[in-house]
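Below, chain A is the first sequence line, B the second, and so on; all start at residue 1. These figures come from a predicted structure and were not determined experimentally.
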Amino acid sequence: MNRFDHQWQKLTALARLAGDTRDTAAPYGFATRVTGLAAATPAFNPRALFERFALRGLVVAAALGMAAIVLSYSTITTEATDAYAASDTVGELLDLS
Amino acid sequence: MGDDSFDLVGCLQRVRQHNQSASRELVEHLYPLVIRIVRSHLPRRAAEEDLAQDIFLKMFTRIEQYQGAVPFTHWVSRIAVTTCIDQLRAQKRRPEFRWADLSEKETEVLDNVLTDERDVAPGDAMEARELVHKLLGQLKPDDRLVIQLLDLEQKTIAEISALTGWNKTLVKVRAFRARRKLQKLFKELQSKEKS
């Protein structure tokens, strides 16, 4: 044991001698107040919590999905048209353009 | 908690059936256990009754999850300890430890501890406890909790692990880190004492 450990143990051993003489009984009305508050508080339900966050996640995902479609709509439609035009083999053969 | 004849199992059953009288009996039975934990780990400026109330409210909201794998008092103790640690974490700044903040008696006790040749008197226990709390106030909340449980309440690593939910290695690491910080504080105090 080093010097610090010895000093610390000496101090904590002395601190432990100071017993706590304060009353440990519940104050008057404490139990009634706590049980009243507990009765008014809904019980913790992990499943309900999961459902709540899952639903929120679904809403956010749907919103993001919609936003992605709206923002890239013009790109998608342009690319689709270009692709169609590029692959119009019949038109090329017959020189319809 | 001194009432050995208290029927905890029966009381819990009635509490689960939303019996208000049983709930009150349970609070009164467990209050001494909870308040001792709160007083040991009470953050600065926190009201012990408010913290005890939070602990009991958590206990009631989670009571359906109690499966009986551990004694009910251990389960409640764990709620109490984790609530206290959350409160300790919430207080960001730790007051700076200054030699000038110590009372004359605390300085004397510290002097006696730092100079190994002098013995400490049992009459100085209260000052020693105050001094220890001031020193522990300089540690990170998690480290403080470990040292408090280990050195003041003399709990084993396994008991601390069960109370906090931290694995044994983490408890040992936190104890090591806390002692190193305390050692640094002691060195600073010694140098201030000499100057």
**Study point:** Contact list for residues 129-187 of chain B, test ring-ring contact (aromatic ring centres under 6.0 Å, His included), sequence neighbours left out
**Key:** A:Phe4-B:Phe186

Check your understanding: Residues in side chain to side chain donor-acceptor pair (under 3.5 Å) with B:Gln148, at least two apart?
Key -> none

Revision key, fill the gap. Between B:Thr82 and B:Thr164 the two heavy atoms that sit nearest each other are CG2-O, 4.3 Å

Review point. For A:Leu64, which fellow cluster members are found when Ile, Leu, Val, Met, Phe, Trp and Tyr are connected by side-chain heavy-atom distances below 4.5 angstrom, either directly or through intermediates?
Key: A:Val60

Point to revise | Nearest heavy-atom neighbours spanning A:Gln9 and B:Asp151 | key: NE2-OD1, 4.1 Å

**Study point:** Contact winner vs chain A - B:Gln53, B:Lys58, B:Met126, B:Glu153, heavy-atom pairs under 4.5 Å
**Key:** B:Gln53

Point to revise | Ionic contact status for B:Glu106 with B:Lys134, cut-off 4.0 Å | key: yes

Check your understanding: Picking from B:His18, B:Arg39, B:Gln154, which has the most non-hydrogen pairs under 4.5 angstrom with chain A?
Key -> B:Arg39

Point to revise | Closest non-hydrogen atom pair between B:Arg78 and B:Leu163, with its separation | key: CG-O, 3.0 Å

**Study point:** Toward chain A: residues of residues 8-17 of chain B with heavy atoms under 4.5 Å
**Key:** none

Review point. Taking B:Leu57, B:Leu182, B:Val27 one by one, which has the highest count of heavy-atom pairs under 4.5 Å against chain A?
Key: B:Leu182

Check your understanding: Looking at B:Leu152 and A:Arg16, what are the two nearest heavy atoms and their distance?
Key -> O-CD, 3.1 Å

Study note, to complete from the structure: Honestly, the part of B:Glu25 sitting under 4.5 Å from a heavy atom of chain A is neither

Review point. Which one, B:Leu26, B:Val132, B:Ile63, B:Leu135, leads in non-hydrogen pairs under 4.5 Å with chain A?
Key: B:Val132

Review point. Is it the backbone or the side chain of A:Arg33 that comes under 4.5 Å from a heavy atom of chain B, or both, or neither?
Key: side chain

Point to revise | Reported CD-to-CD distance for the pair A:Gln7 and B:Gln183, which is rounded to 0.5 angstrom | key: 9.0 Å

